[in-house]
Amino acid sequence: MSQTAQQPSAEQQPAGGPDDGVPPHRYTPALAQRIELAWQDRWESEGTFHTPNPVGRLAEGFERVAGRPKFFVMDMFPYPSGAGLHVGHPLGYLGTDVTSRFRRMDGDNVLHPMGYDAFGLPAEQYAVQTGQHPRVTTEANIAAIRAQLRRLGVDHDDRRSFATIDPGYYRWTQWIFLRVFGSWFDRSAGRARPIGELVAELDAGTREPDPGTDPTGRPWAELDDVERRRVVDAHRLAYLHEAPVNWCPGLGTVLSNEEVTPDGRSERGNFPVFRRPLTQWMMRITAYAERLLTDLDRLDWSDSLKQMQRNWIGRSTGARIGFPVGVAGRADDAAPETIEVFTTRPDTLFGATYVVLAPEHPLVGALTAQAWPDGADPRWTAGAATPAEAVREYQRQASRRSELDRQDAGREKTGVWLGVTATNPADGRELPVFIADYVLTGYGTGAIMAVPGQDARDWEFAEVFGLPIVRTVQPPADFDGKAWTGPGPAVNSANGELSLDGLDVDAAKAAIVDWLAARGAGEATTTYKLRDWLFSRQRYWGEPFPIVYAIDGEDADLPVAVPDAMLPVLLPEVDDYSPKTFADDDADSAPEPPLSRAADWTTVELDLGDGPRKYRRETNTMPNWAGSCWYHLRYLDPGDDERMVDPELERYWLGPRGPGDVGGVDLYVGGVEHAVLHLLYARFWHKVLFDLGYVSSEEPFRRLVNQGYISAYAYTDERGFYVPAADVEERDGQFLYEGRPVDREYGKIGKSLKNMVTPDEMIAAYGADTFRVYEMSTGPLDQSRPWETKAVVGSQRLLQRIWRVVVDEGTGAPRAADVEPGEDTLRALHRTIAGVRDGFATLRFNIAIARVTELTNHLTQVYGADSPVPRSVAEPLVLLVAPLAPHVAEELWSRLGHDASLAWHPFPDADPRWLVEDTVQVAVQLNGKVRAQVSVPADADAAALEAAARADEKVAAHLAGRTVRRVVAVPGRLVNFVVG
RNA sequence: GCGGGAGUGGUGUAACGGCAGCCACGCCAGACUUAGGAUCUGGUGCCCUCGGGCGUGCGGGUUCGACUCCCGCCUCCCGCACCA
């Protein structure tokens, strides 16, 4: 490639024939294509965008950048779907590319890698349909996207690319899983620790098992080995758990809460989802709820995104209060039970008039009375002969009811009485206990005290069931509504020992919680909406778990980690990639993962330290999100076979920049659709790795920006059918397709709206540089915008004008010469430099382009078509535009006589001398309205400014005969006369 | 309902509390052309009696001065939503 290096000019033939009137060396789309392909080849062959690491395999050339600050910029990596990119997809990739190129020129050691998120449902579903191995389609799709990205001219370091399906990558995904499995959350320390330390402390008697981890209730010392294993397993951050899960028969798999849409369907495929108890792998993300919440404050993310995560974590503070249930009416051998409720309003305890359990609450069976008491309200019994019958029927209905119905706040409240009462600990009143589906199993304790006077939902239920309503907060005098949830003094809230009456809400809360705590009847507590992460999928195309279970023996079915040295656990070949799927609405079906049918693979003989034994493998696979939880770490050296990541590389690229800094990627750009799923999971894993000492950064992504979306107009004819948007004409404000009027809509780009526009089409018509400039010119990166193909020509014209400033269109020779620019030109240049830098630094590339356009237009006017352009202006112009339109900039730079790529050339600096004017125009206002302009020296003080203004004829005319009450003169800006 | 964000020409947008509309698309006119869907130049917020008047969703407020800050509405977009 040395020939290319010395003679990089891509121009091999004139752009047009002699007869068509187009100058032979004009920057036409055809020339743009040749330039772009040639420079893409050269960048690749020279390794222009190889980023050196400080140490290790990729350290070559580091001495060149050792003194530079590091800058790690990253895109949310794509899922290679095969559907192809449309013009909306590259927006973020181009934003990071411009930033990356700018920061490199401006003196940073920039890391800008790209990988592929490649496990997942679409490839698997395609495989199920065609029998083609998902790896084959996935790899073909990756190759296609990689080619498209290359054609856009992005500056990724190709040596650092990988896909999550690479065994060399998912080996470490499995390794991280084992670290999570191999640790527990020490609540006293507020962090994860290796599980071995837990065992040591339990053995030493310095620690008791966490509550709820030991079903035997016996001391640790008295437990046998298997019982101890179970206790330890219950502490792990990755644990097996039988619980109601989101079972999706149509997909044949379970889904995490986050993968279920609010209307109770699968996010992928839109199939119905049912709640069903199953044993599944869970990740204890809830242990990190507090840190995930509070550390948001330390991140440079948008407020809206932080707010979404806060809402998802859903912290709320309140109290747990016990409501004892007596034995009266229950089975003869029933022991007394206490219903624990969670409330954020303990101050309203005296207003509680009934208690409600979720239908799935574990105490429901034990609390249900044998028979209805005499005179039971028919509204409470649902017409059933016994409480047990009513409960069974209600539970059945609740499990059948889709999440949509269940969460529809407008639906009338339903429920049944258990036939028993619970005692209000504050005043000893007996309150009826119901089950009702407006109380959710997974939140709080799955049980509430109902306070209709202060809660709209409880009020509604009380009205339907004829339950008493007691106000315990005095509403304002003019309030005539139902439940009052606002502030006010407590009323009706006293017992023999305690009175809350007159206290405001906060004071009443404090008083009642103290009183309850003193009698062991309750305590202040915090709960979260966030639930543990369901981590198993019954799919083929995902990472296998590095977990086996003994087949025989006392410890059968307890999970055992596959030793690190035996990783990766490779995905086996199978004949059928599909999980067993069922009719969409078959709620009673049970999962059957494809790996369970790989008979040779599922059982294995291993020696895990106590001799060879037979084990069965875990046949679930990890969810799609696993691979994207840590890929930022693998970019640092994807070829490292020794470690997940070299700690020294992690410290260099991701480590904190100072005390208290969270560290992480310096700029992470991607779509807002990952606001809770990916970003919460990735933060969680990163924090676990931090706690265990594998990384020095507390957060994965220091700064995050959501790029906007590109939408496009679509058109429907009189029948409501979409017509091809590309063929619609606008005439006099009317939109016409084949001469007939059509209606305009605005929406997602895609086949269904017939408004698809692809980068390939745009690149073919204009070249990648024009496409890049157009996309970046339409607004700040984070802003959504409409696509308008007809406007692309503006960007094409800009690049043509820049080309024409630097190159003679007739001869192809550079027009730059060593002539001195005029002062106007110098000012224009340096103002442009300052503006472009500002635009790049703030991701408002539209500003940078506007300033470059101004400079170009200035040069076009001043230097015409023939006079030589000062080299000292032409060269900076080329450098300024280089991050936006890198190919044409490289070509011009080379024609200006430079052998080396400009990718590493210093970005121009604005000379402050040329940013200040000698004389400035200042506005003269009367009462805030501009009446005149005066020209004054830039350094004129207030008095000089006022004098100059008064000397102006127009101003004098305005001031004549009027009283000047006040003069505001701001040097360099304006004079304002306040007149009477 | 709760939370977040945004409302500026025909369109995308721009304006440290200081001349509202930079730059571009579109449109209008002109130049060069056999020709123009090329290129270049000029114009283009609205109204006007050509003096000027009015203009940043609406209404108030702070200020010498508000697109910008504060309060209250309206509209649109996004997220969450029976979360106790």
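Note on naming: letters A, B, ... go to the chains in the order of the sequence lines (proteins, then strands), and numbering restarts at 1 for each one.
Note: CG (A:Asn976) to P (B:C19) measures 11 Å, nearest angstrom. Rounded to whole Å, the distance from OH on A:Tyr354 to C1' on B:C82 is 11 Å. In this structure, CG of A:Leu296 is placed 15 Å from P of B:G4, rounded to the nearest angstrom. Rounded to a whole Å, the CG atom of A:Leu357 is 16 Å from the C1' atom of B:C82. The nearest whole Å value for the distance from the CG atom in A:Leu926 to the C1' atom in B:G65 is 12 Å. Rounded to a whole Å, the CG atom of A:Leu855 is 16 Å from the C1' atom of B:A24.
Residue A:Ser302 is classed as having no contact, given no heavy-atom separation below 4.0 Å to the nucleic acid. At the heavy-atom level, A:Ser777 lies nowhere under 4.0 Å from the strands shown. Among the protein residues, A:Arg931 comes within range of the sugar-phosphate backbone only, with heavy atoms under 4.0 Å from sugar or phosphate atoms but none that close to a base.
At least one side-chain nitrogen or oxygen of A:Arg804 sits closer than 4.0 Å to the OP1 or OP2 atom of B:C40. Distances shown here put a side-chain N or O of A:Ser316 below 4.0 Å from the OP1 or OP2 atom of B:A84. The side chain of A:Gln307 contributes no N or O atom lying less than 4.0 Å from OP1 or OP2 of B:G79. Checking the phosphate oxygens (OP1, OP2) of B:A6, no side-chain nitrogen or oxygen of A:Arg785 falls inside 4.0 Å. Close to B:A38, at under 4.0 Å from its OP1 or OP2, lies a side-chain N or O of A:Arg797. Within the structure, a side-chain polar atom (N or O) of A:Asn857 is placed less than 4.0 Å from OP1 or OP2 of B:A24.
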Pick out the pairs of N or O atoms, protein on one side and nucleotides 14-17 of chain B on the other, that lie under 3.5 Å.
residue: B:A14; atom: OP1; partner: A:Asn846; partner atom: ND2; Å: 3.0
residue: B:A15; atom: OP1; partner: A:Arg844; partner atom: NH1; Å: 2.6
residue: B:C16; atom: N4; partner: A:Arg973; partner atom: NE; Å: 2.1
residue: B:C16; atom: N4; partner: A:Arg973; partner atom: NH2; Å: 3.0

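Between the C1' atoms of B:A15 and B:U8, the separation comes to 11 Å (whole Å). Spacing of P atoms, B:G1 relative to B:A14, comes out at 32 Å, to the nearest Å. Remark: the separation of the C1' atoms in B:C32 and B:C76 is 48 Å, to the nearest Å. Of the C1' atoms belonging to B:C22 and B:U13, the separation is 9 Å, rounded to the nearest Å. The P atoms of B:C46 and B:G9 are separated by 11 Å, rounded to the nearest whole Å. Here the separation of B:G53 from B:G18, taken at their P atoms, is 23 Å to the nearest Å.
Taking the O4'-C1'-N9-C4 or O4'-C1'-N1-C2 dihedral as appropriate, B:G26 has a value more than 90° from 0 and is therefore anti. Glycosidic conformation of B:G9 is syn; the angle stays within 90° of 0.
A salt bridge links A:Arg310 with A:Asp297; the closest basic N to acidic carboxylate O contact falls under 4.0 Å. The pair A:Asp838-A:Arg844 meets the salt-bridge criterion, with a side-chain N (NZ, NE, NH1 or NH2) lying under 4.0 Å from an Asp/Glu carboxylate O.
Secondary structure note: stems in RNA chain B built from 3 or more consecutive Watson-Crick or G-U wobble pairs under 3.5 Å occupy B:1-7 with B:74-80, B:10-12 with B:23-25, B:26-31 with B:39-44, B:45-47 with B:52-54, B:57-61 with B:69-73.
Residue-to-nucleotide proximity on RNA chain B shows that, of A:Thr860 and A:Glu854, the 5′-proximal contact is made by A:Glu854.
Using a 4.0 Å cut-off on heavy atoms, the residues of residues 443-452 of chain A that approach RNA chain B are A:Tyr443, A:Ile448, listed by number.
Checked against the 6.0 Å centroid threshold, A:Phe434 and A:Phe465 count as a close aromatic pair.
Not counting sequence neighbours, the partners of A:Trp484 by the ring-ring contact (aromatic ring centres under 6.0 Å, His included) test are A:Phe479. With sequence neighbours left out, the ring-ring contact (aromatic ring centres under 6.0 Å, His included) criterion links A:Phe350 to no other residue.
Residue A:Asn311 places no side-chain atom within donor-acceptor reach of the base of B:C80, judged by atom type and a 3.5 Å distance cut-off alone. No hydrogens or angles were tested; on distance alone, a donor-acceptor pair under 3.5 Å links the side chain of A:Lys413 to the base of B:C82.
For A:Arg744 and A:Tyr713, the positive end sits near the middle of the six-membered ring, less than 6.0 Å away and at most 45° from its axis. Geometrically, A:Lys413 engages A:Tyr438 in a cation-pi contact defined by less than 6.0 Å to the ring centre and at most 45° from the axis.
Side-chain contact of A:Thr472 with A:Gln454: a donor-acceptor pair under 3.5 Å is present, judged by distance alone.
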ask   = What string of B, S and - do you get for nucleotides 42-49 of chain B, 5' to 3', if B is base contact, S is sugar-phosphate-only contact and - is no contact with any protein heavy atom under 4.0 Å?
value = S-------
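Of the possible polar contacts, none joining the A:Arg471 side chain to the A:Ile469 backbone as a donor-acceptor pair under 3.5 Å is found.
Checking B:C23, B:G79, B:G26 against every side-chain atom of A:Lys790, the shortest atom distance belongs to B:G26.
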task = Test A:Met762 against A:Thr789 for side-chain contact (heavy atoms from CB on, under 4.5 Å), laying out the working first.
result = CA-CA 8 Å; A:Met762 290 299 112; A:Thr789 297; 3.8 Å; yes
